Amino acid sequence: MTQIVRFAPSPNGLLHLGHAFSALLNAARARETGGRFLLRIEDIDVSRCRPAYEAAISEDLAWLGLAWETPVRRQSEHFSDYRAALATLDALGVLYPAFESRAEIARLVAAREAAGPWPRDPDGAPLYPGDAKAMPPPERAARIARGEPHVLRLDLSAALARLGPAAETLAFEERGEGPDGETGRVPARPEAWGDVVVARKDVPASYHLAVVVDDAAQGVTEVVRGRDLFAATSIHRVLQALLGLPAPAYRHHRLILDAEGRKLSKSTRATGLSELRAAGLTPADVRRLIEPIAAPAHP
Ligand code: GLU
């Protein structure tokens, strides 16, 4: 079946071999299904994203021999779409504002941890303890009226109640493999994340919200991305269900790791595509570098 796929880098650094692997897999899916390969620039983090990095992304991908459709979707140009999605969620009664700083959240968590173990999300961060949910509505309204910075969080229990029986059967189609070999129909486990942020203090979106809105807006049918985002798919399914958006299929791929077995980072210069290019490697050399690392069935 024809697939519409997207490669969605954030322009907050230079692309490395891991990005090359993901982009090439996406392009291969478009090619082998007679589909479409889209590029999306995930630049909601206005403080860390730079136009120069976006230019470098296009240069590196073109050098690899990839061609994508234009216009490219740039998240910073679609804040109105995210605001509309937030309004829909708000009307469903599944959002609440939270005013704490990171340090305050750390203190709230420490207080819980003093009494016993406190759950952590799949990325290892402690779950938000939900204190802001209990704020009396008049205080909330007064603080918003004063213009106090706040995030918007998804009230997960309200969201699941809103979805009713559909919440019980919420799942996604995994065409690749999760970290524990999950494949096929995978039940969503949004409880693992708790009340995630859907709008940041400075931006009317978070990664989770923007990715779901954009995948639907771009008609993406198969999301091909790293296994590090496998767990986040559970939250994406909840947001899709609440917003009435279609669910794409997912194909999570293995990650390219460094010699110490760590995920590549944008600051590891040795694996940066522009570094490799400057060192005289060809796109064919890059493909050869990736293939053996990508081949084993399990990390
Ligand atoms: N922008 C994300 C990243 O660079 C990818 C998001 C996605 O593919 O869902 O890791």
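Quick note: residue numbers are just sequence positions, from 1. Here the structure is a predicted model, which means the values were calculated and not measured. Note that ligands are numbered from 1 as they come in the structure, with each ligand's atoms numbered from 1 the same way.
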Considering distance alone, does some N or O of Arg40 sit under 3.5 Å from an N or O of ligand 1? no
Would you mind running through ligand 1 and noting each atom that sits below 4.0 Å from a heavy atom of Leu229? 5 (C), 6 (C), 7 (C), 9 (O)
Tell me whether Arg143 forms a cation-pi arrangement with Phe99, defined as NZ or CZ under 6.0 Å from the six-membered ring centre and within 45 degrees of its axis. yes
For Tyr207, take its heavy atoms, then give the atoms of ligand 1 lying under 4.0 Å from any of them. 6 (C), 7 (C), 9 (O)
Could you check, using the six-membered ring where one of them is a Trp, whether His236 and Tyr207 have ring centers closer than 6.0 angstrom? yes
Atoms of ligand 1, numbered as shown, that sit under 4.0 Å from any heavy atom of Glu42: 1 (N), 2 (C), 5 (C), 6 (C)
Around atom 8 (O) of ligand 1, find the nearest protein heavy atom and jot down its residue, atom name and distance. Arg6 NH1, 2.8 Å
Report yes or no: does a heavy atom of Phe7 sit under 4.0 Å from some atom of ligand 1? no
For the residue pair Arg153 and Tyr128, would you count it as a cation-pi contact if the rule is NZ or CZ under 6.0 angstrom from the ring centre and within 45 degrees of the ring axis? yes
Only heavy atoms of Val211, strictly under 4.0 Å: list the atoms of ligand 1 that pass. 9 (O)
For Ala8 and ligand 1, does the shortest N/O to N/O distance drop below 3.5 Å? yes
Specify side chain, backbone, both or neither for Val223, according to which of its non-hydrogen atoms lie closer than 4.0 Å to ligand 1. neither
Is atom CZ of Arg102 surrounded by more than 12 heavy atoms (other residues, nucleotides or ligands) closer than 6.0 Å? no
Would a 4.5 Å heavy-atom cut-off, applied to side chains only, mark Arg140 and Tyr96 as touching? yes
Please check if atom CZ in Arg200 has more than 12 non-hydrogen atoms from other residues, nucleotides or ligands closer than 6.0 Å. yes
Using the ring of each side chain (for Trp, its six-membered ring), is His252 parallel, tilted or perpendicular to Tyr250, with breaks at 30° and 60°? parallel
Could you list which atoms of ligand 1 come closer than 4.0 Å to a heavy atom of Ser10? 1 (N), 4 (O)
